J.: 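Input: one structure, supplied below.
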Amino acid sequence: MPKRKRQISSAKRTALRQSERQETTKRENNLEKQTTETQQFFLLKSEPESRLEKGVDVRFSIQDLQNEPDQSATWDGVRNYQARNILKSMRKDDLAFFYHSNCKEPGIVGIVRIIKEAFPDPTQFEPKSPYYDPKSSKDNPTWYAVQVKLEEVWERKVTLQELKKYDDLSDMDLFKRSRLSVQKILEHQWKFILDLLQKNKQL
DNA sequence: GCCAACGTTGGC
DNA sequence: GCCAACGTTGGC
């Protein structure tokens, strides 16, 4: 093992200690996630094809997310109370399927990670936004958003048509509450869909 | 582009 | 608080 240099500035030492501390905190957080929390799973719908709403293109495909700085985006524009409540239940490091809706071939195209928990959706206060809500106030915001980061872009889309075929998935909100744009996914459904993806890859 | 399903609004 | 009318979502 090489000897450490004796001459190390106190600033460097402080920085080192700090980065060690950060690493330790990171590990502890991960451990805590594994042992005391249960990871949750969700499905987020987004429209991959251009469509104007109040003169603004509301398209947001997984490729659009891929092109964002840091491959991260604010999941805003949710204007349904049930969907909002599900958004609020999301915790950091939960995962969500990225679903392409209102398009030729609807289906799941990848996975995103929740990197910031619910905060007031800024678009509700922007008059120019298609998601503007004049009834909402900054003191008591009606709508919330989360921050997501791209985790996986699948080479193959798992289509709605395919998802419909399996009894294991028949309870999914995708079929039962087809209009809900933010949905909870049960663990067995999550795993089943990942298995499906694997099988498809082998075909 | 049609329209079924379903969420929201508002009169009573 | 009911429910008809209306608006929106999203598959097809």
Side-chain angles (χ1 to χ4, degrees), chain A residues 40-66 68 73-90 94-112 114 118 120-146 148 150 152-186 189-190 192-194 196-197 199-200:
Chain A
Q40 304 182 98
F41 304 103
F42 299 90
L43 179 144
L44 293 167
K45 291 185 189 174
S46 193
E47 299 187 34
E49 291 174 5
S50 286
R51 188 171 64 81
L52 293 185
E53 206 165 296
K54 293 190 197 163
V56 179
D57 193 352
V58 294
R59 184 196 81 207
F60 193 74
S61 67
I62 199 161
Q63 286 74 28
D64 291 324
L65 177 58
Q66 210 165 11
E68 289 289 320
T74 300
W75 205 268
D76 55 23
V78 172
R79 293 295 178 272
N80 167 286
Y81 288 100
Q82 218 178 333
R84 178 202 66 183
N85 293 342
I86 297 169
L87 265 190
K88 279 181 156 183
S89 77
M90 292 178 172
D94 284 345
L95 298 173
F97 288 136
F98 195 114
Y99 180 90
H100 278 174
S101 71
N102 206 9
C103 57
K104 275 233 180 76
E105 200 183 33
I108 302 170
V109 291
I111 295 177
V112 295
I114 310 307
D121 179 346
T123 63
Q124 69 196 304
F125 307 120
E126 297 166 7
K128 280 174 288 178
S129 168
Y131 308 120
Y132 177 55
D133 183 355
K135 284 174 286 181
S136 184
S137 70
K138 292 200 175 178
D139 287 349
N140 187 18
T142 310
W143 306 113
Y144 285 78
V146 294
V148 304
L150 187 61
E152 294 177 13
V153 182
W154 294 349
E155 288 189 23
R156 168 190 281 273
K157 169 164 23 184
V158 176
T159 64
L160 175 65
Q161 200 185 22
E162 187 180 358
L163 294 169
K164 278 180 175 172
K165 289 181 188 168
Y166 301 98
D167 278 349
D168 295 70
L169 302 177
S170 60
D171 285 341
M172 284 181 73
D173 284 336
L174 209 49
F175 318 123
K176 297 199 300 179
R177 297 143 148 195
S178 60
R179 297 182 46 183
L180 198 58
S181 68
V182 180
Q183 305 182 355
K184 185 89 197 279
I185 299 281
L186 302 178
Q189 297 167 337
W190 181 269
F192 189 91
I193 291 168
L194 291 183
L196 260 186
L197 179 70
K199 277 179 204 152
N200 281 345

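This one's a predicted model, so the numbers in the text were calculated from it and none came from an experiment. Order of the sequence lines fixes the chain letters, A, B, ..., with proteins taken first and strands second; residue numbering starts at 1 for each chain.
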J.: Hey, is the side chain of Lys45(A) poking within less than 4.0 Å of OP1 or OP2 on dT9(C), counting only N and O atoms?
T.: no

J.: Using a 4.0 Å heavy-atom cut-off across all strands, classify Phe175(A) as base, sugar-phosphate, or nothing.
T.: nothing

J.: Round to the nearest Å and state the distance from Glu53(A) atom CD to dG7(C) atom P.
T.: 14 Å

J.: Sort out for me which residue in Val109(A), Ile62(A), Ile108(A) forms a side chain to side chain contact (heavy atoms under 4.5 Å, CB included) with Trp154(A).
T.: Ile108(A)

J.: Hey, which of these two, Lys135(A) or Asn102(A), hits DNA chain B nearer its 5' end, going by closest nucleotide?
T.: Asn102(A)

J.: Between atom CD in Glu47(A) and atom P in dG10(C), what is the gap in whole Å?
T.: 7 Å

J.: Have a look at Lys164(A) and say if it touches a base, only the backbone sugar-phosphate, or nothing, with a 4.0 Å heavy-atom cut-off.
T.: sugar-phosphate

J.: Centroid separation under 6.0 Å, is that true for the rings of Phe97(A) and Trp190(A)?
T.: yes

J.: Picking from dG10(C), dG11(C), dG7(B), which would you name as closest to the side chain of Leu160(A)?
T.: dG11(C)

J.: Could you give the distance from CG (Leu44(A)) to CG (Leu95(A)), rounded to the nearest 0.5 Å?
T.: 11.0 Å

J.: Could you tell me the separation between the NE2 atom of His100(A) and the C1' atom of dC12(C), rounded to a whole number of Å?
T.: 19 Å

J.: Can you tell me if Tyr99(A) touches the phosphate of dG11(C), counting only side-chain N or O atoms and a distance under 4.0 Å to OP1 or OP2?
T.: yes

J.: Leu174(A) has an atom CG; how far is it from atom P of dG10(C), in whole Å?
T.: 10 Å

J.: Check the distance between dT9(C)'s P and Leu43(A)'s CG and give it to me in whole angstrom.
T.: 16 Å

J.: Within a 6.0 Å radius of atom NZ on Lys138(A), are there more than 12 heavy atoms belonging to other residues, nucleotides or ligands?
T.: no

J.: Rounded off to whole Å, could you give me the CH2-to-P distance for the Trp143(A) and dG7(B) pair?
T.: 13 Å

J.: Nearest-Å distance, CD (Gln82(A)) to C1' (dT8(C))?
T.: 15 Å

J.: Round to the nearest Å and state the distance from Leu44(A) atom CG to dG10(C) atom P.
T.: 12 Å

J.: What distance separates Asp121(A) CG from Arg84(A) CZ, expressed to the nearest 0.5 Å?
T.: 11.5 Å

